[in-house]
Peer 1: 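Here it is: the structure, laid out below.
Worth knowing before you read on, the calculation uses all heavy atoms, side chains too, and leaves out hydrogens, waters and symmetry mates. Throughout, protein chains are lettered first and strands after them, A, B, ... in sequence-line order, and every chain is numbered starting at 1.
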Amino acid sequence: MAIMDAYTPEEIETRWQRRWADAPPMDAGPEGPEAPRFYLLEMFPYPSGRIHMGHVRNYTIGDVMARFLRARGYRVLHPMGWDAFGLPAETAAIQRGVAPAKWTYENIDAMRVQLRRMGFSYDWKCELATCHPGYYRWEQLFFLQMLEKGIAYRKKAVVNWCEQCGTVLANEQVEGEQCWRGHRPVTQKEIDGWFLRITAYADELLDGLDTLGGWPEKVRTMQRNWIGRSYGVQIGFPLVECEGALEVFTTRADTLFGVTFASIAAEHPLAETLGAAGGRQAEVRAFVERIRSQDPTERAQGKEGVFTGCHVVNPVNGERVPVYVANFVLMGYGTGAVMAVPAHDQRDFDFARRYGIAIRVVVQPPGRELEPDTMEAAYEDDGVLVASAAFTGKTSEQARVDIAQHLRANGEGRTTVNYRLRDWGISRQRYWGAPIPVVHCADCGVVPVGADQLPVVLPTDVELLAGGASPLPTLESWVNTQCPRCAGPARRETDTMDTFVESSWYFLRFTAARLDTAPFDPQELARWLPVDHYIGGVEHAVLHLLYSRFFTRVLRDLGWVRLDEPFRNLLTQGMVIKDGAKMSKSKGNVVDPDDLVRTYGADTARLFSMFAAPPEKDLDWSERGVDGSYRFLSRVWRLALAFEGRALVWADPGAGVVDDEGAGKLRSLVHETIRRVTRDIGERRHFNTAVAAIMELVNAIYDRRAGRVDDDAATQFATATVLRLLAPFAPHITSELWERLIGGPALDRLPWPEVDVSALVREKVEMAVQVNGKVRARVSVAVDASEAEILACALAEQKVAAELSGRSPRKTVVVPGRLVSIVL
RNA sequence: GCCGGAGUGGUGAAAUGGCAGACACGCCGGACUCAAAAUCCGGUGGGGGAAACUCCGUGUCGGUUCAAGUCCGACCUCCGGCACCA
């Protein structure tokens, strides 16, 4: 026997990668044969400079699918690009003195090398970087069109400010009390900025979730909660001490007769007015100032408030109730004022107990009677109304409808909808982002830049300021410009756009990444969109994935796309965990993909990330597990190379040429494995079990070959099929072995193996026989045996007869091919 | 607190209501070797038994069913999301 070449992944893989760079696997350009199309996309990375294990996992899932789908005859669009604007480039610039643009493009180059080294089959000719003017010029155009339609607008608002990032953040980008990048504190600040009217699409975004059957329920639920639609009534409570009325929002109109006070937020415009009118200006001011200076956590400690000295009138019963300023009322939700029903709202209950305000029960639960004096908590569920005039005796459900009706008839209120969702604040007080294309003119105010003047190019020859602030406001040559309207002197907007704006439409641009006369080619959009399968981390459930759904609809309404939902199917992969924690520098448990690839090769890295867990679960990184994957590939290597020097016959020998029983069994197993792997990759997306099936086949081939010198057609067919099934997971080693043993068409040009269903049919099946639910025997019966024959066979078993000991079964169940169940 | 998801060997995990633990890691044993590594073969949920076998076993307690990891009800634990949203 000749000395076998050792498995040397590094040498094999780099050689194949060079070949693939010259002749990419069937790309997805507009020309070519008509075939079913598949847009497969993975969330594009921020070019930090290095890929991490999360990327390896995410992109391996995508690449396995891409290679599989190509073999199945699809034309696959599988692009890769760079989410290239963002703060780390500025931080690096300050720390290391490299310009953000240079730093970013160098990182992109480095990461592209890493991705190629993994063997990922991207359509590199679609590559894009969002920091390129050829990309963001279209975003600026969209912005101008949104401005015209009122979707983009400017307002002064209380917003989240991240001290460390030196910028404003959207609500979605604040998690707990820290910013999404992990910084704290995030404080509240009142500032002028640009917003996109996502709330105008709240209903559509919410209802659209029902059409997304290909999304995980978890993500849909998260978006539903985030949008937070609630139906209720807005009621005007006339003010006693001044003119006008206090507008409140409630979902519990059925408790209206239980109102014993009203509360308004510290930021409510009436706070000052009511304080003055009620003669308690000093107290109110002091309270408001104290509350407003608190950070969100501090503010969430307990319920407190101050009486304004003023009252409002309950429209349904004419009662005067006091108005308080309360720390727990949010200005940002509803009207910033609430009617308070202590008996039926826990917050109001706490507040009423603290300040000695009356508690009035107006909803009684079934089966017991609430007494205000003995209540220990508010009763918040539905019940039957009491002490509610004409509505007494009605159920809560009915009363909500009837009272709303009554208020509407008297002009005292109207039904309305409220959302938890806020408009998307996109202004960032940062340098490394897409400039917002407007100017500020002393005479004309805010004036949009003409569409023919785009792009407003971000200057790249800048000096970053040591303090971290954006250099744009002080960059006179850039910031000073002419007003497009009056031609007078004007200053450019120095805020840049949230980088989530770029990622909200990149998947559309991939279909015509190099087009420079328009953002999209309508024909290409129609051809590819929506994305058939999108893969990424669940952390973007209410960030990128919500923004993209919104942006797609805006572009639809602007006439750019004909599409409601951008992503038909979504796969959210779990995190990569090591030693029980997410990989992070601070925990010191990071595995560097470069080290991994150097030691084991890309194929092993790919195989392990697919084998260790199903994609949606967290993946526990294990050095031993990686080693196991490497050993499996080595095992395949040795198995296949045993044939070196002889041409391996890879065709199915067919049922006829089977020479002995073992060969027939092996051939059946090959087809069974094709069936399993095809289903696991194509339908179930359980790549781990697909790999397990291939391993079983390899084990079976080893079993058959044990002790044999000669290798029959079935063994050769099985070995070749292993290479074909394993190719999407480990493209390098399989390509290498295929070329050495078979040559002919390259493995990645070959169609996916077909299942011969007739090969799956067995003559006999083994079935379990249960007596009273316990397996007592096994019988081997012909597959086409009737139920009666199977039963007779089972009853004839000695063990079964012993169990029966002469009794006759009370009931029998025969599931052909599975088992026989006998009940005594 | 509310909303999701998950609890299966020593470990990662697998199982259209039909023989729980496929596949892999680890461990144990054997072959090869002067020896070790690598490799190949075998064993490996727990209890009992020399063995044939046998009993128990998928977070807990109930239920439906000839049959439940899987369906239903209640609960416990862990993870994730939201969190004074009126």
Peer 1: I need the single residue from Met222(A), Arg224(A), Lys218(A) that forms a side-chain contact (heavy atoms from CB on, under 4.5 Å) with Arg220(A). Which is it?
Peer 2: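 Per the side-chain contact (heavy atoms from CB on, under 4.5 Å) rule, the option paired with Arg220(A) is Arg224(A), out of Met222(A), Arg224(A), Lys218(A).
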
Peer 1: What is the distance, to the nearest angstrom, from the CG atom on Asn772(A) to the P atom on G18(B)?
Peer 2: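 About 20 Å, once rounded to whole Å.
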
Peer 1: One thing to verify: whether Arg252(A) and Glu380(A) come together as a salt bridge, which I'm taking to mean a side-chain N less than 4.0 angstrom from a carboxylate O.
Peer 2: no

Peer 1: Within this structure, what is the CZ-to-P distance between Phe351(A) and A86(B), rounded to whole angstrom?
Peer 2: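 Spelled out: CZ on Phe351(A) to P on A86(B) is 19 Å.
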
Peer 1: Is Arg420(A) positioned over the aromatic face of Tyr333(A), cation under 6.0 angstrom from the ring centre and no more than 45 degrees off axis?
Peer 2: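 Not flagged: Arg420(A) not positioned over aromatic ring of Tyr333(A).
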
Peer 1: Without decimals, in angstroms, what is the distance between Arg675(A) CZ and U16(B) P?
Peer 2: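 Atom-to-atom, Arg675(A) to U16(B), this comes out as 12 Å.
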
Peer 1: With respect to the phosphate group of C27(B), does any side-chain polar atom (N or O) of Arg624(A) fall under 4.0 Å of OP1 or OP2?
Peer 2: no

Peer 1: Tell me what Ala612(A) touches on the nucleic acid: a base, only sugar-phosphate, or nothing, going by heavy atoms under 4.0 Å.
Peer 2: sugar-phosphate

Peer 1: So what does Ser634(A) hit on the nucleic acid, given a heavy-atom distance under 4.0 Å: a base, only sugar-phosphate, or nothing?
Peer 2: nothing

Peer 1: Please report whether the ring centroid of Tyr7(A) lies less than 6.0 Å from that of Tyr630(A).
Peer 2: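 Here the rings of Tyr7(A) and Tyr630(A) have centres that are less than 6.0 Å from each other.
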
Peer 1: Closest nucleotide of RNA chain B for Val691(A) versus for Arg679(A): which of these residues is on the 5' side?
Peer 2: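 Here Arg679(A) is the residue nearer the 5' end.
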
Peer 1: Does Arg705(A) place a side-chain N or O at less than 4.0 Å from the phosphate oxygens OP1/OP2 of C40(B)?
Peer 2: no

Peer 1: To the nearest Å, give me how far apart CD1 (Ile577(A)) and P (C78(B)) are.
Peer 2: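 Answer to the nearest Å: 17 Å.
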
Peer 1: Between Leu256(A) and Asn314(A), what is the shortest heavy-atom contact and its length?
Peer 2: O-ND2, 3.0 Å

Peer 1: Base, sugar-phosphate, or nothing: which does Lys303(A) touch, judged by heavy atoms less than 4.0 Å apart?
Peer 2: base

Peer 1: Kindly say if Lys617(A) contacts the phosphate of A13(B), meaning a side-chain N or O under 4.0 Å from OP1 or OP2.
Peer 2: yes

Peer 1: Glu623(A) has an atom CD; how far is it from atom C1' of G12(B), in whole Å?
Peer 2: 15 Å

Peer 1: How many Å lie between NZ on Lys218(A) and C1' on G4(B), as a whole number?
Peer 2: 7 Å

Peer 1: Which value, in whole Å, describes the distance between the P atoms of nucleotides A67(B) and A14(B)?
Peer 2: 28 Å

Peer 1: Counting the atoms with a prime plus P, OP1 and OP2 as sugar-phosphate, which does Asp348(A) contact under 4.0 Å by heavy atoms, base, sugar-phosphate, or nothing?
Peer 2: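 The answer is nothing, as Asp348(A) stays clear of every strand by at least 4.0 Å.
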
Peer 1: Determine the contact category for Arg422(A): base if any of its heavy atoms lies under 4.0 Å from a base atom, sugar-phosphate if only primed atoms, P, OP1 or OP2 are that close, otherwise nothing.
Peer 2: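 Nothing, no heavy atom under 4.0 Å.
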
Peer 1: Taking the ring centre of each residue, are Phe261(A) and Phe351(A) less than 6.0 Å apart?
Peer 2: yes

Peer 1: Hey, does Phe611(A) reach any base, or is it just sugar-phosphate, or nothing, if we go heavy atoms under 4.0 Å?
Peer 2: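 Answer is base: heavy atoms of Phe611(A) come under 4.0 Å of a base.
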
Peer 1: When you measure from the side-chain N and O atoms of Arg631(A) to the phosphate of C25(B), is any distance below 4.0 Å, counting only OP1 and OP2?
Peer 2: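 Yes, because at least one side-chain N or O of Arg631(A) sits under 4.0 Å from OP1 or OP2 of C25(B).
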
Peer 1: Check whether any side-chain N or O of Arg684(A) sits under 4.0 Å from OP1 or OP2 of A15(B), and answer yes or no.
Peer 2: yes

Peer 1: Can G9(B) be described as syn, meaning its chi torsion is within 90° of 0, or is it anti?
Peer 2: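 With its glycosidic angle within 90° of zero, G9(B) counts as syn.
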
Peer 1: Expressed in angstrom and rounded to an integer, what is the separation of Arg400(A) atom CZ from A86(B) atom C1'?
Peer 2: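 So the CZ-C1' distance, Arg400(A) to A86(B), works out to 13 Å.
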
Peer 1: Just the rounded figure in Å: distance from C1' of G7(B) to CG of Asp620(A).
Peer 2: 16 Å

Peer 1: Closest to the Thr689(A) side chain: A86(B), A14(B), C66(B)?
Peer 2: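 That would be A14(B).
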
Peer 1: Kindly say whether, by distance alone, the side chain of Arg347(A) makes a donor-acceptor pair under 3.5 Å with the base of A86(B)?
Peer 2: yes

Peer 1: Does U44(B) have a Watson-Crick or wobble partner in any strand here, with both distances under 3.5 angstrom, and which is it?
Peer 2: G26(B)

